[in-house]
Protein chains: 2
Amino acid sequence: MSRPRKESGRTVTAEEIKAVARRQMSEHGTAGLSLRAIARELGITAPAIYNYFPRLEDLITTLIVDAFTALAVAMETAGAEARTEGAGLWETFTRITRAYRAWAVAHPTDFQLIYGNPIPGYHAPTDLTGPLAQRPFAQLFDLLQAGWRSGQISLPEEYQPVPPALAGHIRAYRTKSGLDLPEVLICVLLSGWARIHGQVMLELFHHSQPFIGDPGLFYELELSAYLRRLGLPPPG
Amino acid sequence: MSRPRKESGRTVTAEEIKAVARRQMSEHGTAGLSLRAIARELGITAPAIYNYFPRLEDLITTLIVDAFTALAVAMETAGAEARTEGAGLWETFTRITRAYRAWAVAHPTDFQLIYGNPIPGYHAPTDLTGPLAQRPFAQLFDLLQAGWRSGQISLPEEYQPVPPALAGHIRAYRTKSGLDLPEVLICVLLSGWARIHGQVMLELFHHSQPFIGDPGLFYELELSAYLRRLGLPPPG
DNA sequence: CGATGTAAATATACAGCGTATATTTTCACG
DNA sequence: CGTGAAAATATACGCTGTATATTTACATCG
């Protein structure tokens, strides 16, 4: 019954486990991650991981949380950089949204983990992922709010008037979140998120390449079209 | 070694297998489908399915093909109905794109199977899925083409001029596909696809509800905003 | 300093999975 | 009626997540 403990201190940290999990995920896809494979790579037996993550689900959940915050951080630093450089509304908005796609392209499996269907029976706890999903865009809300207050942004007429039923919901959200924006602008921002998200999704699954070749270029066009429609003057 | 063959003719058809697979998928998610579970439900042993689908991948691939064509058919019948009723450009476009979301909401797992990350190690053969993915939108291309030729559609200025690098790619696609549309309009249509797709994706994963409550209402607003921006007059 | 309690690894086991192989049954056709 | 192909089967292998009980290592304290 001798148990060859490799070294005395072969205690693994939760961070190591997550790192290996992320790497394996990026190599074999979101669903191609296994406790046993992780343990193998760490020189550990599989049940040992249970000390850190009682279930595989829990590991996945923390991976999702990490990914969400990583995306948010990427966008927030992009925004912070723009602000410190004294960039204008156009440039700031562009950099932030650019960071969205850049992060997705750089970490496709994490992005799919967040915005796709990750693992067999797994369903993310929406009460946990909900706020996380909104965080990356909080800053865009602020940006639009500032732009609208300063009169730089005009409200596209094609979104007006917002149908009453929809406006009711939006007002509920607005009072709950403390935002002070007209319903139209919230609609326009949400439309912007969907546009961006849709493009990234189509790109990640290679649906847009046949049409436009370079999705990055088309993404830029879409961003600029969006901002121009808000009445912002293109730079340069 | 007696082998109790339940009835003489317990030969199962490929269609039965697919049907059961689709049902189990809709119950347990895209990744929650198993050869053994299917076989169990059909009163068959798992290896028997190998006569119809040499690998699980092949079964998934045919499911994907079926789903793509089902979505295309749904959109095409919507378009056909609109045409037989003599509906105008606005109404026809709306009905077709509405069918996109309606199908996605009615068959979320199939939609995720198509536009998401379906199964563990599985990667769809892009040469097969590529044309399939474009089919549902061929009809929208035609619609816009007709609308533009008849002068009903105007080209939004915010997408002009199309950057040269992008325009080159688009021209290549245009000549290959025999479409006769200005680059701008192709960009606008692709943007429309991304908008629609993004909204549906966000809805399916419950990311838009917190903001706008009823995604169906917001979808309608987005469609109408899109068409108004093309210069089409709203009906009624 | 040595005993002790706890945390973290382990061994073992179970049920389920996809898949490979070889065997047996069934049925249509010559 | 006999034969051959098609389709089911049994069996087996290695993989998976997970449960249970056991053993080790380490920090803490009398």
Side-chain angles (χ1 to χ4, degrees), chain A residues 1-21 24-25 27-64 113 117-124, chain B residues 1-21 24-25 27-64 113 117-124:
Chain A
M1 296 286 175
S2 80
R3 209 158 284 85
R5 185 70 65 104
K6 324 194 80 168
E7 301 132 30
S8 66
R10 192 71 201 99
T11 41
V12 131
T13 71
E15 217 59 40
E16 281 184 85
I17 295 176
K18 290 197 291 182
V20 172
Q24 292 196 354
M25 224 181 52
E27 286 179 6
H28 310 105
T30 47
L33 88 80
S34 104
L35 280 189
R36 289 186 125 106
I38 296 171
R40 220 176 295 132
E41 180 164 334
L42 288 172
I44 291 180
T45 60
I49 302 186
Y50 275 62
N51 289 317
Y52 302 92
F53 304 97
R55 302 159 162 251
L56 178 60
E57 279 202 2
D58 299 320
L59 173 56
I60 298 172
T61 301
T62 73
L63 287 179
I64 290 181
L113 191 66
N117 183 38
I119 265 76
Y122 181 82
H123 274 92
Chain B
M1 298 286 170
S2 79
R3 209 157 286 84
R5 186 68 68 102
K6 325 194 80 171
E7 301 133 28
S8 65
R10 191 72 200 99
T11 41
V12 131
T13 70
E15 216 59 41
E16 280 184 85
I17 296 176
K18 289 197 291 182
V20 172
Q24 292 196 353
M25 224 181 51
E27 286 178 7
H28 310 104
T30 47
L33 87 81
S34 104
L35 280 188
R36 288 186 126 108
I38 297 171
R40 219 177 297 130
E41 182 165 334
L42 288 171
I44 292 180
T45 60
I49 301 186
Y50 275 62
N51 289 318
Y52 302 92
F53 305 97
R55 304 161 161 254
L56 179 60
E57 280 203 0
D58 300 319
L59 172 56
I60 298 171
T61 301
T62 72
L63 287 178
I64 290 181
L113 191 67
N117 182 37
I119 265 79
Y122 180 82
H123 274 90

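Every chain is numbered from 1, with letters handed out A, B, ... down the list of sequences.
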> Between C:dT12 atom C1' and A:Tyr50 atom OH, what is the distance in whole Å?
Replying inline: 15 Å
>> Give me the atom names and distance for the closest heavy-atom approach of B:Thr30 to B:Leu113.
In response: CG2-N, 3.9 Å
> Between A:Ile60 (CD1) and D:dT18 (C1'), how many Å, whole number?
Replying inline: 14 Å
> Atom CZ of A:Phe53 to atom C1' of C:dA8: distance rounded to whole Å?
Replying inline: 14 Å
> When you measure from the side chain of B:Gln24 to the backbone N and O of B:Gly32, does any donor-acceptor pair fall under 3.5 Å?
Replying inline: no
>> Which residue is it: A:Thr45, A:Leu35, A:Leu56? I am looking for the one with a side chain to side chain contact (heavy atoms under 4.5 Å, CB included) to A:Tyr50.
In response: A:Leu35
> Of B:Ile49 and A:Ala46, whose closest DNA chain D nucleotide lies nearer the 5' terminus?
Replying inline: B:Ile49
> Who passes side-chain hydrogen bond (donor to acceptor under 3.5 Å, both in side chains) against A:Ser34, sequence neighbours left out?
Replying inline: none
>> If you compare every side-chain N and O of A:Ser34 against the phosphate oxygens of D:dT16 (OP1, OP2), does one of them come in below 4.0 Å?
In response: yes
> Considering residues at least two apart in sequence or located in another chain, which fulfil the side chain to side chain contact (heavy atoms under 4.5 Å, CB included) criterion with A:Asp58?
Replying inline: A:Phe53, A:Pro54, A:Arg55
> To the nearest angstrom, how far is B:Leu59 atom CG from C:dC17 atom C1'?
Replying inline: 15 Å
>> Output the rounded distance in Å from CD1 (A:Ile44) to P (C:dA7).
In response: 18 Å
>> Quick check: closest heavy atoms across B:Ala21 and B:Leu59, and the distance to 0.1 Å?
In response: CB-CD2, 4.3 Å
> Could you give the CZ-to-P distance, from B:Arg40 to D:dT9, as a whole number of Å?
Replying inline: 14 Å
>> If you only use heavy atoms from C-beta on, which nucleotide in D:dT9, D:dT18, C:dT19 is closest to the side chain of A:Leu56?
In response: D:dT18
>> Angle between the two end axes of the helix from C:dC1-D:dG30 to C:dG30-D:dC1, five base pairs per end, rounded to 10 degrees?
In response: 10°
> Think A:Asn51 has a side-chain N or O under 4.0 angstrom from the OP1 or OP2 of C:dA9?
Replying inline: yes
>> So if I take every side-chain heavy atom of A:Arg55 and compare against D:dA8, D:dT16, D:dT18, which nucleotide ends up nearest?
In response: D:dT18
>> As a test of reading the structure: which of C:dA8, D:dT20, C:dG18 is closest to the side chain of A:Pro47, going by heavy atoms?
In response: D:dT20
>> Nearest whole Å is fine: how far is C:dG18 C1' from B:Ile17 CD1?
In response: 15 Å
> Is the backbone of B:Ile38 close enough, under 3.5 Å, to the side chain of B:Glu41 for a donor and an acceptor to pair up by distance?
Replying inline: no
> Rounding to a whole Å, what distance do you find between A:Ile38:CD1 and C:dA9:P?
Replying inline: 14 Å
> Below 3.5 Å, does any donor atom in the side chain of B:Arg36 face an acceptor in the base of C:dG18, or the other way round?
Replying inline: yes
